Amino acid sequence: MINYRKRVLNLTNKLKYQSSLKLAATLALIAICGQLPAQTAESISQPSNNLEAILLAVSLITVVLVGFVVFMVSDKLITISAVRVRGESVLEDEDATADLSLIPSLKEILPADAHASYVGKVHNLKRGFDVKISGKAALVVAGDLNSPSHSVKPTDFLGMQPIPKMMVEEGQEVKAGDPLFFDKNKPEVLYTAPVSGEVTQIRRGEKRSIVEVVILADKQISFKDFGKADPNSLSREEVVSRMLESGLWTALRQRPFDITPDHNDVPKGIFISGFDSAPLAVNYNFTLKGESVAFQAGIDALRKLTNGQVHLSLNAAKTPVDTYLNAQNVEKHWFKGAHPAGTVGVQIHHISPVGKGESAWYINPQDVVILGRLFTEGKYNTKQLVAVAGPEVTKPQYYTTYKGANVGALVNNNVGIENVRYISGNVLTGTAVTTTDHLGAYDRLVSVVEEGDFYEFLGWILPSYARPSLSPTFPWGIYSGMEYDVNTNTHGEERAFVMTGQYEEVLPMDVYPQHLLKAIMARDFEKMEGLGIYEVGEEEMAICEFVCTSKQPVQAILRDGLDYMREQS
Amino acid sequence: MKPLLNLLEKLEGASKKNKYLHTTYDAFATFLFQPKETTGLKGGVHVRDGMDLKRTMVHVVIAMQLALLHGFINIGHQHYVALGMYPDLFDGFFLKAAYGLLQLLPLIIVVHVVGLGIEFVFAAIKGHAVEEGFLVSGMLIPLIMPPATPLWMVAVATAFAVVVAKEAFGGTGMNLLNIALTARVFVFFAYPTEISGDVVWISYDYNLLHQLFGMKQHTLDVLTSMYGSLDVASMPKFVPESVKKAMDAGALSVASIADGAKGFQALVVDGYSGATPLALAAQGGWDKVLAAKLPDGSQQYSTSNLWWGIMPGSIGEMNKIFIILGAIFLAVTKIASWRIMASMVLGCAVVGILFNMLAVGIAAESQISVTSMFIGVPWQYQFAMGSFFFAMAFMATDPVTASATNTGKLVYGFMIGALGMVIRVLNPAYPEGWMLAILFMNVFAPLIDHIVLSFNMKKRLSRAV
């Protein structure tokens with residue numbers, strides 16, 4: 001059952017930082033400050049005795065001043081204690097520092113439309129919804145993660161044959177960058193080991209499909225040498241063959257369908273989303289610090305792959321990390337808005353939408369850095385920062401590790417309760433994993449949330465704890481900054497589509513999601529194409545699934561439609 | 001809550017033997033406790049929004065509560081005023097509230113028993129959970145019925161609406177027509193004689209519950225004391241001559257006349273008719289509406305009476321102020337579409353203004369007063385008459401039968417406003433236009449969406465080339 005006391009404590013704890021309370025406090029302060037001098041002035045205007053009036057005025061002003069000082073000092077103390085509770089790192093986190101003081105800062109009151117000079121045209125996305133979840137990772141690196149094993153999961157790569165051709169056997173020693181397996185349909189694309197060590201297990205699933213290749217990591221990782229090179233001086237073929245050989249080709253994905261692209265294709269552009277707007281997402285402004293050289297090398301390599309541009313989308317509401325600001329030969333775009341503004345599908349839609357027969361490729365900025373290292377260091381070095389976050393995490397923070405790290409090692413001794421779900425990725429699109437599992441190929445986050453497998457008395461109308469919702473019928477919706485302790489309860493059962501306009505309200509694209517889903521269910525090929533199935537992926541539509549009153553499996557329906565379209569083409 | 005949960009778990013085991021029992025169990029148990037169902041492990045979200053269909057539907061019902069409250073008080077008020085008792089709204093307030101409540105409750109119960117019964121059976125046959133759509137329909141149907149509608153008629157209409165308009169199409173979320181309006185239109189067309197004219201808008205009768213609480217006796221006592229001292233000449237005009245003579249002679253009492261609805265109608269005070277403002281406007285325009293008088297000689301359809309709904313009419317549709325509050329609640333909570341509501345007001349106003357302009361032209365030509373024609377009723381007063389706001393807040397905004405696209409909603413709402421006004425003013429056969437306008441636009445809503453979508457598709461295709 002729910003720990004009600006904990007929930008109440010959390011709630012009151014959070015309310016301290018709420019903007020509406022701040023506003024009330026400020027207004028009260030202004031009222032007091034305005035009222036007292038007025039009274040003083042009144043008493044002075046009818047002086048029975050001049051000296052008496054002056055004394056009264058002075059004492060009143062003193063009271064006001066003392067009150068103000070007391071208020072300011074206590075506000076400062078609250079801020080200090082909040083910093084202590086939430087960790088020093090909040091001072092670095094632009095989101096977190098804003099709401100620590102009781103007095104709203106000027107930045108909060110004034111609309112932040114005055115952009116820094118480097119910001120270009122901003123795509124201001126009005127629609128969207130941020131699922132605010134407590135336990136965001138503090139901007140602290142807890143150190144190198146001692147992950148006993150790493151793995152590569154063929155299931156992470158959409159469109160791959162279920163039984164890839166294995167190139168290693170159990171017990172074999174590999175170096176980081178050595179090939180593990182390949183898809184029989186595309187033998188050039190190699191899938192490689194993220195760490196060096198012994199291949200301990202080749203886990204098989206249904207019908208002998210390969211689910212996971214586990215590598216027991218060496219203490220000191222040794223890398224296969226691919227040789228240093230300047231991507232600018234290489235030809236497209238050389239860049240492609242290096243990427244194929246090192247396994248970094250699989251870091252690229254293609255819209256439509258989110259599959260690993262064909263290396264003979266040339267995309268209309270390559271898109272990088274420089275920020276992740278999903279709940280609890282990794283803050284790239286933090287994780288990419290000091291990676292300028294590798295990032296630039298990665299960009300240069302990507303430039304070789306397309307005749308079009310390499311597009312980098314940045315969050316206009318934040319100060320981007322120098323790695324982004326210094327990047328050359330890349331077209332920067334600025335986005336502002338709630339989730340899914342940070343998803344690459346939304347960005348492609350606003351920059352240069354994918355039409356029928358076209359393809360756009362995309363890659364995660366962290367993978368751009370790894371790609372850059374392939375050229376600057378000559379290694380497949382997947383060292384990166386991985387976050388552990390969520391309401392149930394005692395100390396949400398970052399760890400340094402390689403790709404496919406062990407989940408158990410990441411969450412070790414850091415989770416308060418037992419009945420939790422570990423999710424590789426964010427709570428909207430991630431996959432549930434156990435502590436013996438490993439992070440997915442594209443995931444840099446372990447979200448930990450409570451399992452909601454409990455009944456709630458009259459929970460549909462009288463909820464016993466706060467939960468995030470798009471609907472203004474929940475009273476806590478007025479606290480815009482409130483973060484919620486979420487759990488995995490569905491909060492209702494699956495129903496037919498009843499409400500309309502909800503999906504549109506959270507998807508900032510010129511797409512009619514509900515009609516698209518209906519077209520998929522009806523297998524209406526032309527309508528699916530016409531309504532833009534090539535432009536959307538699960539990542540963008542996940543927020544529609546979250547807000548769905550009818551609890552429809554939006555992502556599953558969409559994937560079904562995408563698979564159908566891929567078979568047809 | 002633990003003992004209750006244990007009891008429910010035991011009941012669940014018992015109910016599993018029979019699919020009808022299990023559906024019924026499931027419907028009630030999920031209301032009592034939100035299920036412990038969790039999100040899937042792969043390929044979907046892990047955290048869900050707190051909103052579900054139960055909460056959505058119940059918020060619509062909550063939005064109707066003020067209209068419902070006014071509804072039953074108004075039933076009582078109109079009833080006693082027609083009999084010449086308690087002319088002021090707050091005279092005999094509790095008696096009025098009690099009369100109205102006892103009149104309305106059986107209606108609500110019958111609608112729910114019939115409607116939910118059918119829903120449960122269909123859900124069990126189809127093997128899915130009972131969906132919550134009927135929560136709203138079940139509350140709307142009583143509110144749009146005239147207060148004197150016989151219970152059997154409401155039961156038949158509800159059954160027709162649920163089976164033909166809803167389950168035949170596949171249940172909640174699949175229906176083409178608004179369920180509550182289908183029930184209303186069924187009553188309207190199937191029983192035109194019983195359900196038209198001035199009489200139905202005021203409830204005269206006393207049902208078993210009223211009699212049990214002694215309300216009938218109370219009324220008879222008051223009437224006897226009123227009429228006992230009157231001479232034959234000033235007796236209500238409906239009372240036949242022979243009856244008057246018999247009463248005069250002391251051979252016949254008020255109680256013996258008031259045996260049944262017709263008898264009560266005979267006791268209605270002289271000169272009082274249940275004609276609604278729309279019926280009057282159709283006869284003689286705004287002038288006639290203003291001329292209507294209450295038994296005590298005061299104006300029946302003053303502006304305040306029109307807006308506060310202190311007049312005869314369908315149960316829940318009268319109090320415009322309360323309905324507007326409900327509509328604002330629905331719009332603010334984003335449960336109903338503000339687009340539909342706003343564009344419907346606009347559609348109604350535009351057509352009303354056009355009619356007014358037309359009326360000025362006609363009046364100039366044929367030398368009659370503008371306000372003696374229905375089309376000459378000042379357009380802002382069109383909102384105060386009839387059930388425009390109720391239709392706007394609760395009927396047109398039904399998300400299943402309305403247009404699904406935002407642009408479509410604007411067109412859909414505007415068309416309802418415009419069409420409903422045309423039907424109300426120009427068609428003498430129908431006293432009110434919204435029911436037919438909304439059902440008509442329900443049928444056209446998919447077409448509107450189709451057009452909106454085809455523009456989107458065209459735009460996308462043109463970009464690809």
Side-chain angles (χ1 to χ4, degrees), chain A residues 131 133 353 355-357 421 423 427-428 430-432 449 451-461 463 467-474 486-493 495-501 504 510 512 514-515 527 530-532 542 545-551 553 555-556 559, chain B residues 1 4-5 8 30-59 129 131-133 170-174 332-335 337 339 399-400 402-406 409 449 452-454 456-461 463-465:
Chain A
V131 185
I133 299 177
K356 192 186 177 184
R421 182 180 293 184
I423 300 157
V427 296
L428 297 180
T431 307
V449 293
E451 279 289 1
D453 54 347
F454 45 77
Y455 290 101
E456 191 185 2
F457 181 62
L458 295 179
W460 55 278
I461 189 73
R467 60 203 58 177
S469 176
L470 176 70
S471 165
T473 61
F474 290 97
V486 295
N487 61 48
T488 62
N489 194 288
T490 52
H491 301 304
E493 297 160 291
R495 293 287 183 259
F497 287 119
V498 169
M499 297 305 282
T500 56
E504 285 87 340
D510 187 19
Y512 291 95
Q514 197 165 340
H515 295 93
K527 220 171 177 185
L531 291 175
E545 182 170 343
F546 170 82
V547 301
C548 185
T549 295
S550 296
K551 314 289 175 193
Q555 293 179 73
R559 180 42 61 192
Chain B
M1 290 307 130
L4 191 57
L5 210 54
L8 277 179
T30 54
F31 262 97
L32 209 49
F33 286 93
Q34 191 156 63
K36 60 177 180 180
E37 200 180 318
T38 55
T39 48
L41 297 179
K42 196 175 188 307
V45 293
H46 295 274
V47 171
R48 285 275 194 181
D49 192 296
M51 196 67 181
D52 72 342
L53 207 53
K54 284 189 173 66
R55 191 175 172 86
T56 307
M57 293 297 179
V58 165
H59 272 80
E131 306 220 353
E132 290 80 7
T172 299
M174 315 289 177
V332 167
T333 54
K334 291 187 186 170
I335 284 172
S337 163
R339 287 185 174 84
V400 176
S403 275
T405 54
N406 284 343
K409 278 171 186 165
D449 282 341
V452 173
L453 292 181
S454 66
N456 185 270
M457 290 165 75
K458 253 187 214 143
K459 201 163 123 194
R460 187 160 280 113
L461 288 177
R463 202 176 55 204
V465 174

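For the numbers below, each heavy atom of this structure counts, side chains included, while hydrogens, waters and symmetry mates do not. Letters go in sequence order (proteins before strands), and every chain restarts at 1. Fair warning: this is a prediction, and the values are worked out from it, not measured in the lab.
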Engineer: Stepwise, does the side-chain contact (heavy atoms from CB on, under 4.5 Å) test hold for B/T56 with A/V498?
Structural biologist: CA-CA 10 Å; B/T56 307; A/V498 169; over 6 Å; no
Engineer: Using non-hydrogen atoms and a 4.5 Å limit, figure out which bit of B/S454 sits close to chain A: side chain, backbone, both or neither.
Structural biologist: neither
Engineer: Which pair of non-hydrogen atoms, one from B/R460 and one from A/G530, has the smallest distance, and what is that distance?
Structural biologist: NH1-O, 2.9 Å
Engineer: Would you mind telling me which of A/E545, A/E451, A/M499 has the largest number of heavy-atom pairs within less than 4.5 Å of chain B?
Structural biologist: A/E545
Engineer: Is the shortest heavy-atom distance from the side chain of A/T549 to the side chain of B/D49 under 4.5 Å?
Structural biologist: no
Engineer: Evaluate B/K54 against A/R495 for side-chain contact (heavy atoms from CB on, under 4.5 Å), listing each step before the verdict.
Structural biologist: CA-CA 10 Å; B/K54 284 189 173 66; A/R495 293 287 183 259; 3.9 Å; yes
Engineer: Would you say the side chain of B/K334 lies within less than 4.5 Å of the side chain of A/T473, judging by non-hydrogen atoms?
Structural biologist: no
Engineer: Could you give me the CA-CA distance, side-chain angles and deciding distance for A/Y512 and B/D449, then say whether side-chain contact (heavy atoms from CB on, under 4.5 Å) is met?
Structural biologist: CA-CA 11 Å; A/Y512 291 95; B/D449 282 341; over 6 Å; no
Engineer: To the nearest 0.5 angstrom, please state how far the NZ atom of B/K36 sits from the CG atom of A/D453.
Structural biologist: 7.0 Å
Engineer: One thing to verify: whether A/K551 and B/E37 come together as a salt bridge, which I'm taking to mean a side-chain N less than 4.0 angstrom from a carboxylate O.
Structural biologist: no
Engineer: Can you tell me if B/D52 uses its side chain to pair, donor with acceptor, with the backbone of A/W460 under 3.5 Å?
Structural biologist: no
Engineer: When only pairs under 4.5 Å are counted, which of A/A542, A/P353, A/C548 shares the most heavy-atom pairs with chain B?
Structural biologist: A/P353
Engineer: Which atoms of B/K458 are under 4.5 Å from chain A, going by heavy atoms: the side chain, the backbone, both sets, or neither?
Structural biologist: neither
Engineer: Taking atom types as modelled and ignoring hydrogens, do the side chains of B/R55 and A/S471 form a donor-acceptor contact shorter than 3.5 angstrom?
Structural biologist: no
Engineer: Could you give the distance from CZ (A/F457) to CG (B/L4), rounded to the nearest 0.5 Å?
Structural biologist: 6.0 Å
Engineer: Under 4.5 Å, counting heavy-atom pairs only, tell me which of B/E132, B/M457, B/H46 racks up the most with chain A.
Structural biologist: B/H46
Engineer: So, the side chain of A/R467 versus the backbone of B/M51: is there a donor-acceptor pair under 3.5 Å, distance only?
Structural biologist: no
Engineer: If every non-hydrogen atom of A/H491 is compared with every non-hydrogen atom of B/R48, which pair is closest and at what distance?
Structural biologist: CD2-O, 3.3 Å
Engineer: Once rounded to the nearest 0.5 Å, what's the spacing between atom CG of B/L32 and atom CG of A/L458?
Structural biologist: 6.0 Å
Engineer: Taking all non-hydrogen atoms of both residues into account, name the closest pair between A/A496 and B/G173 and its distance.
Structural biologist: CB-CA, 4.5 Å
Engineer: Is chain B contacted by the side chain of A/I423, its backbone, both, or neither, given a heavy-atom distance below 4.5 Å?
Structural biologist: side chain
Engineer: Under 4.5 Å heavy-atom distance to chain A, tell me which part of B/V58 shows up: side chain, backbone, both or neither.
Structural biologist: side chain
Engineer: Counting heavy-atom pairs closer than 4.5 Å to chain B, which one of A/K527, A/E504, A/Q555 comes out on top?
Structural biologist: A/Q555
Engineer: Which pair of heavy atoms, one from B/T405 and one from A/H515, lies closest together, and at what distance?
Structural biologist: CG2-CE1, 3.6 Å
Engineer: Using a 4.5 angstrom heavy-atom cutoff, name the option from A/L428, A/V547, A/T488 with the most pairs to chain B.
Structural biologist: A/T488
Engineer: Please classify the contact of A/Q514 with chain B as side chain, backbone, both or neither, using a heavy-atom distance under 4.5 Å.
Structural biologist: neither
Engineer: Can you name the nearest heavy-atom pair linking A/S469 to B/G50, along with the distance?
Structural biologist: CB-N, 4.1 Å
Engineer: State whether the side chain of A/R421 and the backbone N or O of B/T39 hold a donor-acceptor pair below 3.5 Å, judged by distance alone.
Structural biologist: yes
Engineer: Heavy-atom pairs under 4.5 Å with chain B - which of A/G501, A/A432, A/G357 has more of them than the others?
Structural biologist: A/A432
Engineer: What heavy-atom pair brings B/V332 and A/P472 nearest, and what distance separates the two atoms?
Structural biologist: O-CG, 3.4 Å
